[in-house]
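So the structure is just underneath, and the comments pick up after that.
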Amino acid sequence: MSESPVRVRMAPSPTGPFHIGSARTALFNYLFAKRYQGKFIVRIEDTDLERSKPEWEENIKESLNWLGLNYDEGPDKAGEFGPYRQSERKAIYKKYLARLIETKQAYYCFCSAEELEAHRQYLVSQGLPQVYSEKCQSLSPVEAEKKRAEGERCVIRFRAPKKDVAFEDLLRGKIKYDTATFGDMVIAKDLETPLYNLACVIDDFEMKISHILRGEEHLSNTPKQILLAWALGIQPPQFLHLPLILNQQRAKLSKRDPSIAAKVSDYKEQGYLPEAVVNFIALLGWNPGDDREFFSLSELVNEFSIERLQTSGAVFNVQKLDWLNGFYIRKMPLAELTNRCVPFLIQSGLIAPLWGKAEAAPLVYSSDFTVLEYEAVETKEKYKFSDLARMIALYQERLKKLIEISELIDLFFQKELNYPTELLVWKKMERGELSPVLNQLETLLLRIQEGDWIKEKLEKAIMVEAEKIGDRGRLLWPLRVALSGKTASAGPFEIAEVLGRRKTIQRIKEAQKKL
RNA sequence: GGCCCUAUCGUCUAUUGGUUAGGACGCUGCCCUUUCAAGGCGGAAAGCGGGGUUCGACUCCCCGUAGGGCCA
């Protein structure tokens, strides 16, 4: 690596929700910084004032925070190279822009949109690169000033030297562009309003950025930025262009992609764990070189190396993310899992925190839900955190996303189950045989006293009878359905244990009533 | 339209000139099992095409082709 300290940055525009592709870029920047004892900086590129909104900046910070990608310097984390919002850096840009004009490396251009379009059409018809005609290059400073004073609309263009720009991409090797193919580009609307490429070059220099790790979509910006850096007498940083994350159609993931969720906040709301998301996106474009699949953020920091980065785009495979998420859910301590499920239970309207503060807001993972007591919205029955944990435990290995927890354990909070009577009928059974089976179950259950109401004793008592019948399903299936009301659920004994004696027997009676 | 990037199972990937081309997700068969999961053991499934270089190319080079990105 280079001798100067490693400083990398993530430079999102707050013009929309934080994107999963940006999250991965942020992750690789973070890993690179931590791996080489450097700094990770967040810079908000809010030069587009109409589209930039504080709420989107908030969304960016929240998303990074949720993923655990803590930055060392940023808009809300002062460092010595601030401010970290482009809208607050106009004076800096003005200085550089004035210098470019003074040295005649930039000039005012007064060409109209129609004029530019006509010239472009001509070039297209000739099969030539579509570049600016350079018409306004010949304007003297005096003429330009006069036009400006008269209020003529103008932009500032960069006088691009005609030569090849070659640079070494850390991932792709030598990349060469002929500047004649992009011509004199617009670099600013006026002295205080630089466009993306210029602002970027100035900020990266001022913030002492050593390496730029960004998406491949910026590859063609790089020669332009290098040219600008040279014009300003700046040594450009090192570049690395990451491959893109692709949708099912193999196109770049867009903000409104129907096939997969694009927003990081969507993943949070659907009940993906940040550790699963981080693990998953790390593996989109990077691999450890062996067969390992599971990595925590800190393990990634230790393992990460740019040599193992991929050069081609990666299709986002939700099924694999779901699998990973399930894996992380399964190995999570129960108390923590419960704590993370509670917001979803509240949100779905199943339970409400009782004497807790209303701020126990849904989807705030960092809240401590263990201290609250809850009330089932339908039955008004009270539940402690540990009661919820017992229910969730039954479904820990079945959960793929936290949001699914409500429809799995709703049976514990409902007054009466609503299921078709037919569901009670075991596949190797006639409907008419159901009544004696339910009676038998009731008798068996009534024999078990409150003090013995645990999974093991319940199982023992009922399995003895089930074995006698030979076909266990004749007892077990109707029992499970009577207790859960579902085609699929946890086992009948575990449910009965958590449900308690009174409710279990009550549900058997309800099933009998249905016949 | 111009410029640039990329190319191994459906998907994520290993392979850095010599492998029966390995793993994971998904799919699928069996086992376990009251259901659904989880778990265990199997299976199907890949080097874009054509030229070189080389004793030998998935691997290096060139040309196509395809996909993608940026600009317009």
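This structure is a prediction, so every number in the text was calculated from the model and none was measured. Throughout, protein chains are lettered first and strands after them, A, B, ... in sequence-line order, and every chain is numbered starting at 1.
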How would you list, by chain and number, every residue that makes a side-chain contact (heavy atoms from CB on, under 4.5 Å) with [X], sequence neighbours excluded?
X      : value
A/C154 : A/Y108, A/F110, A/R148
A/E407 : none
A/E45  : A/A11, A/S13, A/R43, A/Q86, A/Y196
A/P14  : A/I44, A/D46, A/S52, A/W56, A/E57, A/I60

Non-neighbouring partners of A/Y122 that pass ring pair (Phe, Tyr, Trp, His ring centres under 6.0 Å), sequence neighbours left out
none

Specify the residue among A/T181 and A/L171 whose closest nucleotide of RNA chain B lies further upstream toward the 5′ end.
A/T181

I want to confirm an ordering. Mapping A/S312 and A/G289 to their closest nucleotides on RNA chain B, which one lands closer to the 5' end?
A/S312

Within the sub-3.5 Å range, which N or O atoms of nucleotides 65-71 of chain B have a protein N or O partner, and how far apart are they?
from: B/G69; atom 1: OP1; to: A/K252; atom 2: N; distance (Å): 3.2
from: B/C70; atom 1: OP1; to: A/K252; atom 2: NZ; distance (Å): 2.7
from: B/C70; atom 1: O2'; to: A/S220; atom 2: OG; distance (Å): 2.7

Pair A/R431, A/T421 - check side chain to side chain donor-acceptor pair (under 3.5 Å), show working.
CA-CA 9 Å; A/R431 182 168 170 164; A/T421 312; 4.5 Å; no

Closest non-hydrogen contact found for A/I20 with A/Y267 is CD1-CE1, 4.0 Å

Under the side chain to side chain donor-acceptor pair (under 3.5 Å) rule, what pairs show up with a residue in [range], not counting sequence neighbours?
range                       : answer
residues 19-28 of chain A   : none
residues 462-473 of chain A : A/W426-A/D471, A/E465-A/K468, A/E467-A/R472
residues 287-300 of chain A : A/N287-A/R308, A/D290-A/R292, A/R292-A/E303, A/E293-A/K320, A/S296-A/S298, A/S296-A/E299

Under 3.5 Å between N/O atoms: give me all the protein pairs with nucleotides 58-64 of chain B, atom names plus distance.
none

Kindly state whether the ring of A/F295 and the ring of A/W286 have centres lying under 6.0 angstrom apart.
yes

Run the ring-centre check on A/F32 versus A/Y36 and record whether the distance is less than 6.0 Å.
yes

When we call it a touch if two heavy atoms are under 4.0 Å apart, what does A/R172 touch: a base, just sugar-phosphate, or nothing?
sugar-phosphate

When all nucleic acid strands are considered with a 4.0 Å heavy-atom cut-off, which category describes A/Q396: base, sugar-phosphate, or nothing?
nothing

Rounded to the nearest Å, what distance is computed from the [atom1] atom of residue [X] to the [atom2] atom of nucleotide [N]?
X      : N     : atom1 : atom2 : value
A/L479 : B/C36 : CG    : P     : 17 Å
A/F316 : B/C25 : CZ    : C1'   : 13 Å
A/D322 : B/A38 : CG    : C1'   : 16 Å
A/F280 : B/U13 : CZ    : C1'   : 12 Å
A/L283 : B/A24 : CG    : P     : 13 Å
A/I175 : B/C5  : CD1   : C1'   : 7 Å

What is the base-pairing partner of B/C27, counting Watson-Crick and G-U wobble geometry with both distances under 3.5 Å?
B/G43

So, are A/E134 and A/K162 salt-bridged, with charged N and O less than 4.0 Å apart?
yes

Does A/R340 come within less than 4.0 Å of A/E336, counting only side-chain N to carboxylate O?
yes

Within less than 4.0 Å of OP1 or OP2 of [N], is there a side-chain N or O belonging to [X]?
X      : N     : answer
A/Q310 : B/A14 : yes
A/R308 : B/C12 : no
A/T311 : B/A7  : yes
A/R330 : B/A37 : no

Residue that, paired with A/L479, satisfies side chain to side chain contact (heavy atoms under 4.5 Å, CB included) out of A/V437, A/L424, A/I495, A/L445
A/L445

All N/O pairs under 3.5 Å across the protein-nucleotides 26-35 of chain B interface:
from: B/U34; atom 1: OP1; to: A/R472; atom 2: NH1; distance (Å): 3.0
from: B/U34; atom 1: O2; to: A/R480; atom 2: NE; distance (Å): 3.1
from: B/U35; atom 1: O2'; to: A/T487; atom 2: O; distance (Å): 2.7
from: B/U35; atom 1: O2; to: A/R480; atom 2: NH1; distance (Å): 3.3
from: B/U35; atom 1: O2; to: A/S489; atom 2: N; distance (Å): 2.8
from: B/U35; atom 1: O2; to: A/S489; atom 2: O; distance (Å): 3.1
from: B/U35; atom 1: N3; to: A/S489; atom 2: O; distance (Å): 2.8

Proximity to RNA chain B (any heavy atom under 4.0 Å), residues of residues 404-424 of chain A only
none

